[in-house]
Engineer: 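Below is a structure I'd like to ask you about.
Note: hydrogens, waters and symmetry copies are ignored here, and every other heavy atom, side chains too, is used. Small disclaimer: the values here were computed from a predicted structure and weren't measured.
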Amino acid sequence: MGYTKDQLLARLQELRIEFSKYEHPVVLTVEAQAKHVGNVGASLSKNLFLKDKKQRFYIVSALADTKVDLKVLSQRLGLGKGGLRMAPEEALGEILQVPLGCVTPFALVNESARHVSLLLDQGFKSQQGCLFHPLSNDTSISLNTLSLDKFLKSIGRDPSYVDLEANPKVGKDQPPDLAALVPSDSIVLPEFAEGAPPSEHSNENHAATDVKPKAVKAKAVKTPAVAEKVKDKSSTGVLPSISFTDAGQFVEEILDKTSAILLSEIRDDTVRQHGEQLGAVVSDTLRKRLSSELKNLAIMFKNTAYTEGFHAGTRHQPKRP
């Protein structure tokens, strides 16, 4: 069990680290966070959770307007141009022990993250305060780099500040300048062993189990045209290839699937067969047939939010104070 927000904040207080706390609705992107704390006099940060081909993990923590080129960073670490990519979603829970949208240097407080390398933007040092989530994205805390360094040293970390926008040449006579920051140990998790596709891709392509109602000879209740359209959308049992970039679209998909199953179950023969128990029967059918599909829809929505959060962080360009 990893640290909670309250436990982390209590630890900061025990270390006599000064910080300002701002509570707000749950946010998944830098842009959403800026709507709530963009005017508090501290600089927003974006935090990327990355992995290389040898299952070594990294947190890159930067100012929201710092341009982080993963290909360049990969070369500077000595990993080649394509050596870095976004870590699978499962690694958030297994290694950092935080949910989506909560990647932060503070996650290194957990023992499971002891082999994760941390690269900090040197731009943090010129800011009066920097905003980070304290393991939960319904809160932001502001503190300066001296306070952040004090926390990191308390857990045995030596802070490494890097010019993340630099692009030095790497060659035979010019070794990678950040090679020393590559973790010495890899972290291999059973959920995504080497050679298996990362979850953020495999779940999007996964089709839900095709469950079709048994054919009946009895005359069915006439279905309205609108309902027929809904029924057609999910009759194959295959998840539609849409991008869940907002909660409204996600909810509409759930309602469509629920409507289709309700319409397929409420027929003349089922009414005669079950009578007053029809409600309980339909409820049980909904639970059985929607369970796997809704789990996959939820995973797709979370994966999209994770990807959108990363891209929003790279697009958001607030002015430096």
Engineer: Please give me the minimum heavy-atom distance between Arg56 and Pro183, naming the atom from each residue.
Structural biologist: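 So the two residues come closest at CD-O, 3.3 Å.
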Engineer: Can you give me the closest heavy-atom contact between Lys67 and Glu165, atom names plus distance?
Structural biologist: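 What the structure gives for the nearest pair is N-OE2, 2.9 Å.
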Engineer: Is there a side-chain contact between Ile17 and Ser147 in this structure, where contact means two heavy atoms from C-beta onward sitting under 4.5 Å apart?
Structural biologist: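 Yes, side chains in contact.
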Engineer: Does the Thr104 side chain pair with the main chain of His133, one donor and one acceptor, at a distance under 3.5 Å?
Structural biologist: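 Checking the backbone N and O of His133 against the side chain of Thr104, a donor-acceptor pair under 3.5 Å is found.
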Engineer: Pair Phe106, Phe151 - check ring pair (Phe, Tyr, Trp, His ring centres under 6.0 Å), show working.
Structural biologist: CA-CA 8 Å; Phe106 293 113; Phe151 165 76; 5.0 Å; yes
Engineer: Taking Asp69 for its side chain and Val72 for its backbone only, find out whether a donor-acceptor pair lies under 3.5 Å.
Structural biologist: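 Yes; judged by distance alone, with no hydrogens or angles, the pair exists.
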Engineer: Any side-chain heavy atom of Asp65 sitting closer than 4.5 Å to one from Leu44?
Structural biologist: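 Side chain of Asp65 against side chain of Leu44, heavy atoms only: no contact under 4.5 Å found.
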Engineer: Are the side chain of Arg76 and the backbone of Ala166 linked by a donor-acceptor contact shorter than 3.5 Å?
Structural biologist: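 Here the side-chain-to-backbone pair exists.
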Engineer: With side chain to side chain contact (heavy atoms under 4.5 Å, CB included) as the test, would you mind laying out the steps for Asn110 and Ile95 before giving the verdict?
Structural biologist: CA-CA 8 Å; Asn110 292 313; Ile95 299 174; over 6 Å; no
Engineer: To the nearest 0.5 Å, how far apart are NZ in Lys53 and CZ in Arg85?
Structural biologist: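 Atom-to-atom, Lys53:NZ and Arg85:CZ are 9.0 Å apart.
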Engineer: Checking Ser74 side chain against Gly80 main chain: does a donor-acceptor pair fall under 3.5 Å?
Structural biologist: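 Yes: the side chain of Ser74 pairs with the backbone of Gly80.
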Engineer: Do Glu111 and Arg114 meet the salt-bridge criterion of a basic N to acidic O distance under 4.0 Å?
Structural biologist: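 Yes, Arg114 and Glu111 are salt-bridged.
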Engineer: So with a 6.0 Å cut-off around CD of Gln128, is the heavy-atom count from everything else above 12?
Structural biologist: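 At most 12 heavy atoms, drawn from other residues, nucleotides or ligands, come within 6.0 Å of this atom.
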Engineer: Restricting to non-hydrogen atoms, name the atom on Arg157 and the atom on Val116 that form the minimum distance, rounded to 0.1 Å.
Structural biologist: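 Here Arg157 and Val116 meet closest at NH1-O, 2.6 Å.
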Engineer: Is the backbone of Cys130 close enough, under 3.5 Å, to the side chain of Asn144 for a donor and an acceptor to pair up by distance?
Structural biologist: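 No; judged by distance alone, with no hydrogens or angles, the pair does not exist.
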Engineer: Determine whether more than 12 heavy atoms belonging to other residues, nucleotides or ligands lie under 6.0 Å from atom CD of Glu18.
Structural biologist: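 12 or below, so no.
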Engineer: Please tell me if the side chains of Val162 and Leu120 come closer than 4.5 Å, counting only heavy atoms from C-beta onward.
Structural biologist: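 Of all side-chain heavy-atom pairs linking Leu120 with Val162, none is under 4.5 Å.
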Engineer: Output, in order, the C-alpha distance, side-chain angles, deciding distance and verdict of side chain to side chain donor-acceptor pair (under 3.5 Å) for Thr66 and Asp121.
Structural biologist: CA-CA 8 Å; Thr66 295; Asp121 188 350; 2.4 Å; yes
Engineer: Can you find a side-chain donor-acceptor pair between Ser112 and Gln97 that sits under 3.5 Å?
Structural biologist: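 Yes - a donor-acceptor pair under 3.5 Å links their side chains.
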Engineer: Val170, Val68: one ILVMFWY side-chain cluster at the under-4.5 Å cut-off?
Structural biologist: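 Not linked; separate clusters.
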Engineer: Do the side chains of Leu118 and Leu63 join up, straight or via other hydrophobic residues, at under 4.5 Å, putting them in one cluster?
Structural biologist: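 Yes; tracing contacts between hydrophobic side chains, which count when under 4.5 Å, links both residues.
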Engineer: Within the 4.5 Å heavy-atom criterion, are Asn47 and Pro105 side-chain neighbours or not?
Structural biologist: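 In short, these two side chains touch, coming nearer than 4.5 Å.
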Engineer: Got a donor-acceptor contact below 3.5 angstrom from the Ser45 side chain to the Leu131 backbone?
Structural biologist: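 Checking the backbone N and O of Leu131 against the side chain of Ser45, a donor-acceptor pair under 3.5 Å is found.
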Engineer: Are Phe49 and Leu100 linked, directly or through other ILVMFWY residues, by side chains that come within less than 4.5 angstrom of each other?
Structural biologist: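 Same cluster.
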Engineer: Using the rule that Ile, Leu, Val, Met, Phe, Trp and Tyr join whenever any side-chain heavy atoms are under 4.5 Å apart, tell me whether Phe19 and Leu148 fall into a single cluster.
Structural biologist: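 Same cluster: Phe19 reaches Leu148 through Ile, Leu, Val, Met, Phe, Trp or Tyr contacts under 4.5 Å.
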Engineer: Given side chains that start at C-beta, do those of Leu146 and Lys150 come closer than 4.5 Å, heavy atoms only?
Structural biologist: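 Sidechains of Lys150 and Leu146: no contact.
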Engineer: What I want to check is whether the side chains of Ser140 and His24 have a donor and an acceptor closer together than 3.5 Å.
Structural biologist: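 Checked: Ser140/His24 side chains pair up, N/O donor to acceptor below 3.5 Å.
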Engineer: Is the shortest side-chain heavy-atom distance between Val60 and Leu70 below 4.5 Å?
Structural biologist: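 The answer is no, as the side chains (C-beta and beyond) never meet within the 4.5 Å cut-off.
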Engineer: Roughly how far apart are Leu79 CG and Lys71 NZ, rounded to 0.5 Å?
Structural biologist: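 Between Leu79 CG and Lys71 NZ, I get 14.5 Å after rounding to 0.5 Å.
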Engineer: Should Ile59 and Leu50 count as side-chain neighbours, where that means a heavy-atom distance under 4.5 Å?
Structural biologist: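 No, every pair of side-chain atoms sits at 4.5 Å or beyond.
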Engineer: With no hydrogens and no angle check, is any side-chain donor or acceptor of Gln122 less than 3.5 Å from a backbone partner on Tyr161?
Structural biologist: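 Checking the backbone N and O of Tyr161 against the side chain of Gln122, no donor-acceptor pair under 3.5 Å is found.
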Engineer: So how far is it from Asp158 CG to Asp149 CG, rounded to the nearest 0.5 Å?
Structural biologist: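 The distance works out to 8.5 Å.
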Engineer: Just so I know, are the side chains of Phe124 and Ser43 near enough to count as touching, which here means a heavy-atom distance under 4.5 Å?
Structural biologist: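 No; the side chains remain at least 4.5 Å from each other.
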Engineer: Does one hydrophobic cluster hold both Leu15 and Phe132, with members joined at side-chain heavy-atom distances below 4.5 Å?
Structural biologist: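 Yes.
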Engineer: Does Lys51 qualify as a cation-pi partner of Tyr58, given the criterion of NZ or CZ under 6.0 Å from the six-membered ring centre and within 45 degrees of its axis?
Structural biologist: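 No, Lys51 does not lie over the aromatic ring of Tyr58.
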Engineer: Do Ser126 side-chain atoms and Gly123 backbone N/O form a donor-acceptor pair below 3.5 Å?
Structural biologist: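 Yes; judged by distance alone, with no hydrogens or angles, the pair exists.
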Engineer: What are the two closest heavy atoms between Thr139 and Lys21, and how far apart are they?
Structural biologist: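 Shortest heavy-atom separation between Thr139 and Lys21 comes out as CG2-CG, 3.5 Å.
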Engineer: One pair to check against side chain to side chain contact (heavy atoms under 4.5 Å, CB included): Leu96 and Leu135. What are the steps and the verdict?
Structural biologist: CA-CA 9 Å; Leu96 299 187; Leu135 306 179; over 6 Å; no
Engineer: Between Ser142 and Tyr22, is the side chain to side chain contact (heavy atoms under 4.5 Å, CB included) condition met? List the steps.
Structural biologist: CA-CA 8 Å; Ser142 170; Tyr22 306 94; 4.0 Å; yes
Engineer: With the threshold set at 4.0 Å, does a side-chain nitrogen-carboxylate oxygen contact exist between Lys5 and Asp138?
Structural biologist: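 Salt bridge present between Lys5 and Asp138.
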Engineer: Could you tell me which non-hydrogen atom of Ala113 sits nearest to which non-hydrogen atom of Leu108, and how far apart they are?
Structural biologist: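 Here Ala113 and Leu108 meet closest at O-CD2, 3.9 Å.
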Engineer: What heavy-atom pair brings Leu77 and Leu181 nearest, and what distance separates the two atoms?
Structural biologist: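 Looking at all heavy atoms of both residues, the shortest contact is CD2-CB, 4.3 Å.
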Engineer: Kindly say whether Thr4 contributes a backbone atom to a donor-acceptor pair with the side chain of Gln7 at under 3.5 angstrom?
Structural biologist: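 Yes, the answer is positive, given that a donor and an acceptor are paired below the 3.5 Å cut-off.
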Engineer: Does any N or O in the side chain of Thr29 come within less than 3.5 Å of the main-chain N or O of Ala32, such that one atom is a donor and the other an acceptor?
Structural biologist: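 Yes.
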Engineer: Less than 4.0 Å between a side-chain N and a carboxylate O, is that true for Arg16 and Glu14?
Structural biologist: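 Salt bridge flag = no for Arg16 with Glu14.
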